[in-house]
Amino acid sequence: MTSTKLDIRRLVARFGGQSELYRRLTSRGVALSAKAIEKWIERDNIPSARLVQLFELAIAEGHPIDLNTFMLRPN
């Protein structure tokens, strides 16, 4: 069985890149370091609690995201 993964780089880029995403999250009171976002990309994984915060950010900004857009599906 193969698993479906998220394109983490593309998802972060959707928010304007690492620095911009950090700025936008922290301006909403989310406590995290800029290095944390870098680690998401390095590990190719976003913790589920942080993923929820990304959903909330996108909704708050009036541009909800659809995770299907960021899915990497095996060929």
Side-chain angles (χ1 to χ4, degrees):
M1 176 180 189
T2 60
S3 63
T4 303
K5 295 185 69 159
L6 286 175
D7 186 339
I8 304 301
R9 286 184 186 278
R10 204 162 130 233
L11 183 56
V12 169
R14 187 270 185 215
F15 289 96
Q18 293 178 46
S19 297
E20 180 62 14
L21 177 56
Y22 170 75
R23 186 194 66 73
R24 288 159 77 174
L25 284 170
T26 56
S27 73
R28 291 185 44 82
V30 174
L32 84 159
S33 68
K35 186 75 172 169
I37 297 170
E38 186 178 321
K39 291 290 185 186
W40 299 348
I41 293 169
E42 287 175 11
R43 294 179 182 142
D44 202 26
N45 185 24
I46 298 177
S48 58
R50 297 300 189 188
L51 194 54
V52 169
Q53 290 170 330
L54 293 181
F55 274 108
E56 291 170 341
L57 174 63
I59 290 167
E61 293 180 342
H63 302 288
I65 54 176
D66 177 358
L67 276 188
N68 286 315
T69 306
F70 302 96
M71 297 300 234
L72 295 171
R73 292 182 175 82
N75 294 332

Item checked: Qualifying residues under side-chain hydrogen bond (donor to acceptor under 3.5 Å, both in side chains), relative to D7, sequence neighbours excluded -> none

Check: Can you list the residues that meet the side-chain hydrogen bond (donor to acceptor under 3.5 Å, both in side chains) rule with R14, with sequence neighbours excluded?
Finding: none

Next item on the list: To the nearest 0.5 angstrom, please state how far the CZ atom of R9 sits from the CG atom of D44.
Entry: 8.5 Å

Notebook entry, point to check: Which pairs pass side-chain hydrogen bond (donor to acceptor under 3.5 Å, both in side chains) with one or both residues in residues 27-37, sequence neighbours excluded?
Noted result: K35-E38

Item checked: Residues that R50 engages under side-chain hydrogen bond (donor to acceptor under 3.5 Å, both in side chains), provided they are two or more places apart -> Q53

Next item on the list: Supply the members, apart from I41, of the Ile/Leu/Val/Met/Phe/Trp/Tyr cluster built from side-chain contacts under 4.5 Å; use none for a lone residue.
Entry: L6, I8, L11, V12, F15, L21, Y22, L25, V30, L32, I37, W40, I46, L51, L54, F55, L57, I65, L67, F70, M71

Next item on the list: Identify, with sequence neighbours excluded, every residue that meets side-chain hydrogen bond (donor to acceptor under 3.5 Å, both in side chains) alongside D66.
Entry: N68

Checklist line | Any pair counted as salt bridge (charged side-chain N to carboxylate O under 4.0 Å, His left out), so long as it reaches residues 52-63, sequence neighbours left out | finding: R24-E61

